[in-house]
Asks: 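Questions regarding the structure given below will be posed in turn.
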Protein chains: 2
Amino acid sequence: MSVGVEWAVHSCLNLAWSEPEEAKTALALAAFYELPAAYLNKQLQALTRAGILTSTSGPRGGFRLARHPGAITVLDIVTAIEGVDDAFRCTSILRHGPGGREDQDYSRRCVISQTIRKAELVWRRELAATTLDDLRAAVERQSPRTPQRTQDWFARTRR
Amino acid sequence: MSVGVEWAVHSCLNLAWSEPEEAKTALALAAFYELPAAYLNKQLQALTRAGILTSTSGPRGGFRLARHPGAITVLDIVTAIEGVDDAFRCTSILRHGPGGREDQDYSRRCVISQTIRKAELVWRRELAATTLDDLRAAVERQSPRTPQRTQDWFARTRR
DNA sequence: GTCATACTACTCGGATAAGAACTGTCCGAGTGGGGTAGG
DNA sequence: CCTACCCCACTCGGACAGTTCTTATCCGAGTAGTATGAC
């Protein structure tokens with residue numbers, strides 16, 4: 001899995017702690033964790049294409065959450081960066097085995113494919129069960145001062 | 001995930017259907033699904049290093065299951081090919097954020113890391129719940145003639 | 001006929017390349033705001 | 001003083017390299033079986 005996933009979730013969380021109408025630039029979001037700005041920008045673009053963020057160009061532009069933090073799951077972010085394809089690719093090798101038929105869809109029928117795809121399903125379900133709001137609440141339980149500190153940092157940095 | 005995982009599980013299943021003391025060569029296992037033999041050999045080497053298979057060189061050599069099919073899980077095979085590392089790498093970017101401490105282990109403390117690693121845990125647990133014996137039983141329920149057909153094919157091919 | 005020996009074919013194992021994906025960088029298109037000049 | 005226009009700095013977006021991982025291939029080390037010859 002790309003490191004971009006980690007960056008993306010952290011950045012989305014930072015966006016969740018700011019005023020919804022105030023956009024944050026890729027440069028500011030990258031500086032927060034000392035990340036390469038141009039590359040983080042690439043990840044934010046992917047999030048924008050996926051409809052998780054909205055972007056505006058020009059002065060006072062940047063990225064904002066496209067919807068309420070409670071409506072954005074960790075799975076949304078992961079699939080935005082990694083793509084929607086399963087990690088396991090069933091190439092239907094049973095087709096080329098003895099007694100295999102070319103016209104059969106072995107990715108559905110193959111027991112091995114079923115097993116691994118079921119595992120990916122529970123993985124997906126687990127990630128879909130956590131929203132940005134859940135993450136925010138969990139962080140605030142652990143470090144209550146994080147929201148304020150984050151807002152202060154961005155306020156200081158913008159000038 | 002590598003395609004090698006798919007090849008490895010299918011090949012292990014074929015080994016489970018043969019006499020335990022009879023070794024199968026990488027060439028034969030590859031020919032069964034028309035796979036590139038040298039590359040499949042590489043995957044079988046990984047399974048051998050992981051202690052899932054045993055290998056013997058020379059004439060009448062090849063690969064055999066190192067233990068009973070009921071004692072080999074799908075997770076064993078996946079980690080043998082893919083490595084034991086998690087797919088998600090927490091690089092502890094919180095360390096470089098404001099208020100971050102260099103000496104803290106954020107991969108344990110970070111809520112985001114916890115969430116994604118928990119998802120990987122259930123994925124792992126799911127794969128660990130299925131053994132080669134389970135797969136064999138499931139296939140035989142679906143296509144009862146598969147074991148016989150597989151054995152016949154290898155018997156015909158060896159000469 | 002039996003045994004020891006050398007040879008040969010076979011198989012794994014790791015070293016070696018080609019290709020793809022991830023990681024990282026750079027510059028151009030478009031935008032909004034502010035400055036400036038005219039009324 | 002107010003307004004309209006123009007210029008400029010700012011930001012995203014996609015095009016462009018460097019590096020690592022996946023995919024694929026090849027040849028050498030070691031082994032077991034077999035043929036051969038001596039006893």
Side-chain angles (χ1 to χ4, degrees), chain A residues 1-8 11 15 21-31 33-64 66 78 80-83 85 87-89 91 93 154 157-159, chain B residues 1-8 11 15 21-31 33-64 66 78 80-89 91 93 154 157-159:
Chain A
M1 197 183 300
S2 310
V3 291
V5 171
E6 186 186 13
W7 302 0
S11 296
L15 286 173
E21 65 272 9
E22 272 199 17
K24 290 202 184 331
T25 69
L27 197 69
L29 288 169
Y33 292 118
E34 299 177 8
L35 302 173
Y39 190 33
L40 177 64
N41 188 27
K42 209 172 174 52
Q43 319 295 340
L44 298 176
Q45 283 176 36
L47 294 176
T48 304
R49 273 193 299 272
I52 296 172
L53 302 184
T54 60
S55 64
T56 32
S57 284
R60 298 194 60 78
F63 296 92
R64 290 172 299 152
V78 171
I81 304 293
E82 295 286 296
D85 291 349
F88 176 76
R89 301 164 271 168
T91 60
I93 65 177
F154 279 108
T157 302
R158 177 157 291 273
R159 63 184 152 84
Chain B
M1 199 182 300
S2 309
V3 291
V5 171
E6 185 187 14
W7 303 0
S11 296
L15 286 173
E21 66 272 11
E22 273 200 14
K24 291 202 183 332
T25 69
L27 198 68
L29 288 168
Y33 292 117
E34 300 177 7
L35 301 174
Y39 189 34
L40 176 64
N41 187 29
K42 207 172 174 55
Q43 317 296 341
L44 298 176
Q45 283 176 37
L47 294 175
T48 304
R49 272 195 298 272
I52 297 173
L53 302 183
T54 60
S55 65
T56 33
S57 286
R60 297 194 58 80
F63 296 92
R64 290 170 300 152
V78 170
I81 303 293
E82 295 287 296
V84 294
D85 291 350
D86 287 0
F88 176 76
R89 304 163 269 168
T91 60
I93 64 177
F154 279 108
T157 303
R158 174 155 297 272
R159 65 182 151 85

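Each chain gets a letter, A, B and so on, in the order the sequences are listed, and its residues count up from 1.
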Asks: Identify, residue by residue, the members of residues 47-56 of chain A with a heavy atom below 4.0 Å from DNA chain C, and return them in order of residue number, or none.
Replies: none
Asks: Please enumerate all residues that pass side chain to side chain contact (heavy atoms under 4.5 Å, CB included) together with A28(A), with sequence neighbours excluded.
Replies: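 A28(A) satisfies side chain to side chain contact (heavy atoms under 4.5 Å, CB included) with T25(A), F154(A) only.
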Asks: Listed by chain and number, what are the side chain to side chain contact (heavy atoms under 4.5 Å, CB included) partners of A37(B), not counting sequence neighbours?
Replies: L27(B), A30(B)
Asks: Applying ring pair (Phe, Tyr, Trp, His ring centres under 6.0 Å), can you list everything that pairs with Y39(A), at least two apart in sequence or on another chain?
Replies: W7(A)
Asks: Where each pair must be Watson-Crick or G-U wobble with both distances under 3.5 Å, what dot-bracket representation of DNA chain D is obtained, with crossing pairs in [ ] and other-strand partners as |?
Replies: |||||||||||||||||||||||||||||||||||||||
Asks: Does Q45(A) have a side-chain nitrogen or oxygen under 4.0 Å from the phosphate oxygens OP1 or OP2 of dG14(D)?
Replies: yes
Asks: Taking the nucleotide of DNA chain C with the nearest heavy atom to each, does A37(A) or G58(A) sit closer to the 5' end?
Replies: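 The residue mapped nearer the 5' terminus is A37(A).
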Asks: What protein N or O atoms touch nucleotides 19-23 of chain C N or O atoms at under 3.5 angstrom, if any, and at what distances?
Replies:
residue	atom	partner	partner atom	Å
dT23(C)	OP1	V3(A)	N	3.4
dT23(C)	OP1	R89(B)	NH2	2.7
dT23(C)	OP2	S2(A)	OG	3.3
dT23(C)	OP2	Y39(A)	OH	3.4

Asks: Who are the side chain to side chain donor-acceptor pair (under 3.5 Å) partners of T91(B), not counting sequence neighbours?
Replies: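 Scan of T91(B) (side chain to side chain donor-acceptor pair (under 3.5 Å), adjacent residues dropped) gives E6(A).
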Asks: Using side chain to side chain contact (heavy atoms under 4.5 Å, CB included) as the criterion, list what pairs up with A38(A), not counting sequence neighbours.
Replies: none
Asks: Under the rule for ring pair (Phe, Tyr, Trp, His ring centres under 6.0 Å), what residues qualify as partners of Y33(A), not counting sequence neighbours?
Replies: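 Testing Y33(A) for ring pair (Phe, Tyr, Trp, His ring centres under 6.0 Å), a comparison that skips the adjacent residues, returns H10(A).
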Asks: Please list every donor-acceptor pair under 3.5 Å in which a side-chain atom of residues 47-54 of chain A meets a protein atom from a residue at least two apart or in another chain.
Replies:
residue	atom	partner	partner atom	Å
T48(A)	OG1	L44(A)	O	2.8

Asks: S2(A): what forms a side chain to side chain donor-acceptor pair (under 3.5 Å) with it, not counting sequence neighbours?
Replies: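 Checked S2(A) against side chain to side chain donor-acceptor pair (under 3.5 Å); matches are E82(A).
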Asks: Nearest whole Å is fine: how far is dT11(D) P from E22(A) CD?
Replies: 13 Å
